[in-house]
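In what follows, residues are counted from 1 in the order of the sequence shown.
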Amino acid sequence: MGTEWVCSEWLVSLGLNQYQKTFRHCLVDARMLEHLSKKDLRGLLKMVDSSHRNSLRYGMHLLKHFDYDLMEIKRLQEESKEGTSNVLVWTNERVGHWLDSIGLEDYAYNVHERGIHGAVIALDDEFDLDAFCLALLVPTSNNEARKLLRAGFYKLLAEGTEREIPPESHESKSSKKKVWKRLRSTASRFVGLQSDRHEMSRSLPSLLTSPKARARANSSGSLAKTRSSSEKETNDPNVETSGHERAV
(Lines give C-alpha, C1' and ligand atoms only; values in the text may rest on other atoms or scores of the structure.)
Protein backbone atom coordinates (compact mmCIF):
# COMPACT_ATOMS: atom_id res chain seq x y z
CA MET A 1 0.00 0.00 0.00
CA GLY A 2 2.31 2.63 -1.34
CA THR A 3 1.87 6.26 -2.25
CA GLU A 4 0.00 5.50 -5.46
CA TRP A 5 -2.61 3.45 -3.61
CA VAL A 6 -3.03 6.17 -0.96
CA CYS A 7 -3.50 8.89 -3.56
CA SER A 8 -5.37 7.12 -6.35
CA GLU A 9 -7.65 4.86 -4.30
CA TRP A 10 -7.79 5.62 -0.62
CA LEU A 11 -8.17 9.41 -0.74
CA VAL A 12 -10.75 9.05 -3.50
CA SER A 13 -12.76 6.56 -1.40
CA LEU A 14 -12.78 9.11 1.45
CA GLY A 15 -13.90 11.98 -0.78
CA LEU A 16 -10.61 13.84 -0.34
CA ASN A 17 -9.46 13.83 -3.98
CA GLN A 18 -8.23 17.41 -3.77
CA TYR A 19 -5.27 16.35 -1.61
CA GLN A 20 -3.85 13.84 -4.08
CA LYS A 21 -1.17 16.22 -5.31
CA THR A 22 0.19 17.16 -1.89
CA PHE A 23 0.12 13.55 -0.61
CA ARG A 24 1.95 12.41 -3.73
CA HIS A 25 4.46 15.22 -3.44
CA CYS A 26 5.23 14.22 0.17
CA LEU A 27 5.37 10.50 -0.77
CA VAL A 28 2.80 9.56 1.85
CA ASP A 29 2.19 5.79 2.01
CA ALA A 30 0.12 3.61 4.35
CA ARG A 31 2.94 3.30 6.86
CA MET A 32 3.15 7.07 7.26
CA LEU A 33 -0.58 7.65 7.74
CA GLU A 34 -0.57 6.67 11.42
CA HIS A 35 2.27 9.05 12.18
CA LEU A 36 0.86 12.18 10.57
CA SER A 37 0.33 14.89 13.18
CA LYS A 38 -2.08 17.79 13.01
CA LYS A 39 0.88 20.03 12.23
CA ASP A 40 1.89 17.77 9.35
CA LEU A 41 -1.62 17.75 7.93
CA ARG A 42 -2.02 21.51 8.15
CA GLY A 43 1.49 22.54 7.14
CA LEU A 44 2.87 19.92 4.76
CA LEU A 45 -0.32 18.49 3.30
CA LYS A 46 -2.34 21.75 3.34
CA MET A 47 -5.30 20.09 5.03
CA VAL A 48 -6.55 23.11 6.99
CA ASP A 49 -10.23 22.09 7.12
CA SER A 50 -10.87 20.32 10.43
CA SER A 51 -13.69 18.24 8.93
CA HIS A 52 -11.28 16.89 6.31
CA ARG A 53 -8.73 15.96 8.97
CA ASN A 54 -11.54 14.27 10.87
CA SER A 55 -12.49 12.35 7.73
CA LEU A 56 -8.89 11.17 7.33
CA ARG A 57 -8.81 10.03 10.96
CA TYR A 58 -11.96 7.92 10.58
CA GLY A 59 -10.60 6.51 7.33
CA MET A 60 -7.53 5.38 9.27
CA HIS A 61 -9.80 3.90 11.94
CA LEU A 62 -11.52 1.81 9.27
CA LEU A 63 -8.20 0.40 8.03
CA LYS A 64 -7.14 -0.50 11.58
CA HIS A 65 -10.53 -2.04 12.33
CA PHE A 66 -9.99 -4.55 9.50
CA ASP A 67 -6.25 -4.83 10.16
CA TYR A 68 -5.54 -3.36 6.72
CA ASP A 69 -7.31 -6.27 5.05
CA LEU A 70 -8.28 -4.56 1.80
CA MET A 71 -9.80 -7.73 0.37
CA GLU A 72 -12.30 -7.95 3.23
CA ILE A 73 -13.15 -4.27 2.97
CA LYS A 74 -13.78 -4.57 -0.77
CA ARG A 75 -15.91 -7.68 -0.22
CA LEU A 76 -18.14 -5.83 2.24
CA GLN A 77 -18.31 -2.84 -0.08
CA GLU A 78 -19.57 -5.09 -2.88
CA GLU A 79 -22.24 -6.54 -0.59
CA SER A 80 -23.42 -3.09 0.45
CA LYS A 81 -23.96 -1.65 -3.01
CA GLU A 82 -27.70 -1.92 -2.39
CA GLY A 83 -29.67 -1.24 0.75
CA THR A 84 -28.37 0.28 3.97
CA SER A 85 -26.11 -2.45 5.35
CA ASN A 86 -22.41 -2.14 6.27
CA VAL A 87 -22.44 1.66 6.23
CA LEU A 88 -19.02 1.58 7.92
CA VAL A 89 -17.30 0.56 4.68
CA TRP A 90 -19.23 2.88 2.35
CA THR A 91 -17.06 4.96 0.06
CA ASN A 92 -17.72 8.60 -0.76
CA GLU A 93 -19.15 7.47 -4.11
CA ARG A 94 -21.54 5.06 -2.37
CA VAL A 95 -22.81 7.88 -0.17
CA GLY A 96 -23.55 9.87 -3.33
CA HIS A 97 -25.55 6.97 -4.80
CA TRP A 98 -27.51 6.71 -1.55
CA LEU A 99 -28.39 10.41 -1.74
CA ASP A 100 -29.68 9.81 -5.26
CA SER A 101 -31.84 6.95 -4.00
CA ILE A 102 -33.61 9.08 -1.37
CA GLY A 103 -34.49 11.84 -3.84
CA LEU A 104 -31.60 14.23 -3.26
CA GLU A 105 -29.99 13.94 -6.68
CA ASP A 106 -29.66 17.73 -6.85
CA TYR A 107 -27.29 17.64 -3.88
CA ALA A 108 -25.57 14.28 -4.42
CA TYR A 109 -22.73 15.82 -6.39
CA ASN A 110 -21.90 18.13 -3.45
CA VAL A 111 -20.74 15.12 -1.45
CA HIS A 112 -17.57 14.93 -3.56
CA GLU A 113 -14.42 16.38 -1.98
CA ARG A 114 -16.32 16.89 1.30
CA GLY A 115 -14.68 14.00 3.11
CA ILE A 116 -18.00 12.22 3.75
CA HIS A 117 -17.78 8.43 3.76
CA GLY A 118 -19.29 5.51 5.66
CA ALA A 119 -16.86 5.54 8.60
CA VAL A 120 -17.70 9.19 9.32
CA ILE A 121 -21.44 8.48 9.24
CA ALA A 122 -21.14 5.31 11.34
CA LEU A 123 -18.61 6.45 13.94
CA ASP A 124 -18.65 10.23 14.31
CA ASP A 125 -21.37 11.24 16.78
CA GLU A 126 -20.77 14.90 15.97
CA PHE A 127 -21.66 14.32 12.33
CA ASP A 128 -25.35 15.08 12.71
CA LEU A 129 -28.14 16.27 10.43
CA ASP A 130 -27.01 19.90 10.54
CA ALA A 131 -23.44 18.96 9.64
CA PHE A 132 -24.74 16.85 6.74
CA CYS A 133 -26.91 19.70 5.44
CA LEU A 134 -23.98 22.09 5.70
CA ALA A 135 -21.65 19.74 3.83
CA LEU A 136 -24.20 19.25 1.04
CA LEU A 137 -24.93 22.99 0.85
CA VAL A 138 -28.64 22.45 1.44
CA PRO A 139 -30.15 25.91 2.08
CA THR A 140 -32.21 26.42 5.22
CA SER A 141 -35.10 27.60 3.03
CA ASN A 142 -35.34 24.24 1.22
CA ASN A 143 -37.59 22.47 3.71
CA GLU A 144 -38.43 19.65 1.32
CA ALA A 145 -34.78 18.65 0.80
CA ARG A 146 -34.07 18.86 4.53
CA LYS A 147 -37.11 16.72 5.25
CA LEU A 148 -35.91 14.04 2.83
CA LEU A 149 -32.40 14.08 4.28
CA ARG A 150 -33.71 13.92 7.84
CA ALA A 151 -35.86 10.86 7.16
CA GLY A 152 -33.15 9.09 5.13
CA PHE A 153 -30.31 9.93 7.51
CA TYR A 154 -32.06 8.68 10.64
CA LYS A 155 -33.18 5.53 8.85
CA LEU A 156 -29.60 4.96 7.73
CA LEU A 157 -28.27 5.35 11.27
CA ALA A 158 -30.89 2.95 12.61
CA GLU A 159 -30.45 0.23 9.98
CA GLY A 160 -26.79 0.44 9.02
CA THR A 161 -24.87 1.67 12.08
CA GLU A 162 -24.65 1.23 15.83
CA ARG A 163 -25.02 4.92 16.56
CA GLU A 164 -27.79 6.08 18.85
CA ILE A 165 -30.59 7.88 17.10
CA PRO A 166 -30.73 11.59 18.10
CA PRO A 167 -33.69 12.46 20.39
CA GLU A 168 -35.08 14.89 17.81
CA SER A 169 -35.77 11.98 15.43
CA HIS A 170 -38.03 10.33 18.02
CA GLU A 171 -40.56 13.14 18.05
CA SER A 172 -43.77 11.16 18.20
CA LYS A 173 -47.18 12.00 16.89
CA SER A 174 -48.45 12.30 20.46
CA SER A 175 -45.97 15.07 21.24
CA LYS A 176 -46.97 16.88 18.07
CA LYS A 177 -50.62 16.52 19.08
CA LYS A 178 -49.81 18.04 22.47
CA VAL A 179 -48.25 21.06 20.78
CA TRP A 180 -51.26 21.52 18.53
CA LYS A 181 -53.58 21.05 21.51
CA ARG A 182 -51.83 23.85 23.38
CA LEU A 183 -52.03 26.08 20.32
CA ARG A 184 -55.74 25.37 19.88
CA SER A 185 -56.36 26.01 23.58
CA THR A 186 -54.59 29.36 23.39
CA ALA A 187 -56.52 30.28 20.26
CA SER A 188 -59.87 29.32 21.82
CA ARG A 189 -59.15 31.41 24.92
CA PHE A 190 -58.37 34.37 22.69
CA VAL A 191 -61.56 33.87 20.69
CA GLY A 192 -63.54 33.55 23.93
CA LEU A 193 -62.08 36.79 25.24
CA GLN A 194 -62.94 38.58 22.02
CA SER A 195 -66.49 37.16 22.21
CA ASP A 196 -66.91 38.38 25.81
CA ARG A 197 -65.80 41.85 24.78
CA HIS A 198 -68.26 41.82 21.89
CA GLU A 199 -71.15 40.76 24.14
CA MET A 200 -70.24 43.46 26.65
CA SER A 201 -70.21 46.12 23.97
CA ARG A 202 -73.66 44.96 22.82
CA SER A 203 -75.22 44.82 26.29
CA LEU A 204 -73.83 48.15 27.52
CA PRO A 205 -76.20 50.38 25.44
CA SER A 206 -79.24 48.40 26.56
CA LEU A 207 -78.25 48.80 30.20
CA LEU A 208 -77.94 52.54 29.76
CA THR A 209 -81.37 52.76 28.11
CA SER A 210 -83.25 50.77 30.79
CA PRO A 211 -85.87 52.67 32.95
CA LYS A 212 -83.77 52.47 36.09
CA ALA A 213 -80.71 53.69 34.27
CA ARG A 214 -82.68 56.62 32.79
CA ALA A 215 -84.08 57.49 36.19
CA ARG A 216 -80.64 57.50 37.74
CA ALA A 217 -79.34 59.55 34.85
CA ASN A 218 -82.21 62.12 35.19
CA SER A 219 -81.73 62.32 38.94
CA SER A 220 -78.04 62.94 38.52
CA GLY A 221 -78.73 65.57 35.87
CA SER A 222 -81.25 67.45 38.09
CA LEU A 223 -78.87 67.42 41.02
CA ALA A 224 -76.10 68.73 38.82
CA LYS A 225 -78.34 71.59 37.58
CA THR A 226 -79.38 72.54 41.15
CA ARG A 227 -75.78 72.67 42.29
CA SER A 228 -74.87 74.78 39.28
CA SER A 229 -77.69 77.30 39.98
CA SER A 230 -76.73 77.61 43.64
CA GLU A 231 -73.14 78.27 42.79
CA LYS A 232 -74.14 81.00 40.33
CA GLU A 233 -76.36 82.78 42.88
CA THR A 234 -73.65 82.63 45.51
CA ASN A 235 -71.06 84.11 43.20
CA ASP A 236 -73.37 86.84 41.73
CA PRO A 237 -72.64 90.28 43.41
CA ASN A 238 -75.98 91.73 42.37
CA VAL A 239 -77.78 89.08 44.32
CA GLU A 240 -75.82 89.92 47.47
CA THR A 241 -76.51 93.72 47.13
CA SER A 242 -80.22 93.14 46.70
CA GLY A 243 -80.28 91.03 49.81
CA HIS A 244 -78.46 93.70 51.88
CA GLU A 245 -80.86 96.39 50.75
CA ARG A 246 -83.83 94.27 51.85
CA ALA A 247 -82.20 93.77 55.21
CA VAL A 248 -81.79 97.58 55.66
Nearest heavy-atom approach of Glu113 to His52 is O-NE2, 3.7 Å
Check your understanding: Do NZ/NE/NH1/NH2 and the carboxylate oxygens of Arg75 and Glu78 come within less than 4.0 Å?
Key -> no
More than 12 foreign heavy atoms under 6.0 Å from CD of Glu93: is that the case here?
no
Notebook entry, point to check: Quick one: does Leu70's side chain get under 4.5 Å of Leu63's, heavy atoms only?
Noted result: yes
Answer yes or no: is there a donor N or O on one side and an acceptor on the other, between the side chain of Asp67 and the main chain of Asp69, under 3.5 Å? no
Residue set satisfying ring-ring contact (aromatic ring centres under 6.0 Å, His included) with Phe132, at least two apart, ordered chain then number -> Phe127, Phe153
I'd like to know if the side chain of Arg146 and the backbone of Val138 have a donor-acceptor N/O pair within less than 3.5 Å. yes
So side chain to side chain donor-acceptor pair (under 3.5 Å) across residues 94-110, not counting sequence neighbours, yields Tyr107-Asn142
Ser37 meets the side-chain hydrogen bond (donor to acceptor under 3.5 Å, both in side chains) criterion, sequence neighbours left out, with Asp40
**Prompt:** Would a 4.5 Å heavy-atom cut-off, applied to side chains only, mark Leu11 and Asn17 as touching?
**Reply:** no
Check your understanding: Are Ser55 and His117 close enough that a side-chain donor and a side-chain acceptor fall under 3.5 Å?
Key -> yes
Q.
Just so I know, are the side chains of Glu4 and Glu9 near enough to count as touching, which here means a heavy-atom distance under 4.5 Å?
A. no
- Query: So, do Lys21 and Cys7 sit near enough that their side-chain heavy atoms are less than 4.5 Å apart?
  - Reply: no
Listed pairs under 3.5 Å, donor-acceptor, residues 82-90 side chains, sequence neighbours left out:
residue : atom : partner : partner atom : Å
Thr84   : OG1  : Glu159  : OE1          : 2.8
Trp90   : NE1  : Ser85   : O            : 3.2

**Message:** Taking Trp10's backbone N and O only, do any of them form a donor-acceptor pair with Ser13's side chain (distance below 3.5 Å, no angle check)?
**Reply:** yes
Side-chain contact test, heavy atoms from C-beta onward, threshold under 4.5 Å: evaluate it for Ile102 versus Leu148 and give yes or no.
no
Heavy-atom nearest pair, Ala108 first then Gly96, reads CB-O, 3.6 Å
Check your understanding: Quick one: does Asn92's side chain have a donor or acceptor within less than 3.5 Å of a partner on Gly115's backbone?
Key -> no
Treating Ile, Leu, Val, Met, Phe, Trp and Tyr as nodes and any side-chain heavy-atom pair under 4.5 angstrom as an edge, say whether Phe66 and Val6 lie in one connected cluster. yes
Determine whether a donor-acceptor pair (N or O, by modelled atom type, separation under 3.5 Å) exists between the side chain of Arg163 and the backbone of Asp124. yes
Residue set satisfying side-chain hydrogen bond (donor to acceptor under 3.5 Å, both in side chains) with Arg42, at least two apart, ordered chain then number -> none
Exercise for the section: Decide yes or no on side chain to side chain contact (heavy atoms under 4.5 Å, CB included) for Phe23 and Met47, but give the supporting numbers first. Expected result: CA-CA 10 Å; Phe23 271 66; Met47 192 175 287; 3.9 Å; yes
Correct closest heavy-atom pair for Met60 and Leu33 would be SD-CB, 3.2 Å
Heavy atoms of His35 and Arg31 approach each other most closely as CD2-O, 3.1 Å
Between Ser51 and Asp49 the two heavy atoms that sit nearest each other are OG-OD1, 2.6 Å
Exercise. Measure the shortest side-chain to side-chain distance between Leu149 and Leu129 over non-hydrogen atoms and say whether it is less than 4.5 angstrom.
Key: yes
Applying ring-ring contact (aromatic ring centres under 6.0 Å, His included) to Tyr58 and not counting sequence neighbours gives none
Derivation and outcome, side chain to side chain contact (heavy atoms under 4.5 Å, CB included), residues Leu76 and Glu72: CA-CA 6 Å; Leu76 293 174; Glu72 178 64 13; 3.9 Å; yes
query = Any donor and acceptor pair, going by atom type alone, linking the side chain of Arg114 with main-chain N or O of Leu136 inside 3.5 Å?
reply = no
Query raised in the report: Can you hop from Val120 to Ile165 via hydrophobic side chains spaced under 4.5 Å?
Result: yes
task = Taking the side chain as every heavy atom from C-beta outward, state whether Ile121 and Leu157 have any pair of such atoms under 4.5 Å apart.
result = yes
Q: Indicate, with yes or no, if Leu27 and Leu44 share a hydrophobic cluster defined by side-chain heavy-atom contacts under 4.5 Å among Ile, Leu, Val, Met, Phe, Trp and Tyr.
A: no
Exercise for review: Would you check if the side chain of Lys46 reaches a backbone N or O of Gly43 as a donor-acceptor pair within less than 3.5 Å?
Suggested key: yes
Residues Leu45 and Cys26: closest non-hydrogen pair is CD2-SG, 3.8 Å
Worksheet entry | Under 3.5 Å donor-acceptor, Asp29 side chain and Met32 backbone | yes
Report task. Evaluate the criterion side chain to side chain contact (heavy atoms under 4.5 Å, CB included) for residue pair Leu36 and Val28; output intermediate values, then yes/no. Result -> CA-CA 9 Å; Leu36 292 174; Val28 178; 4.2 Å; yes
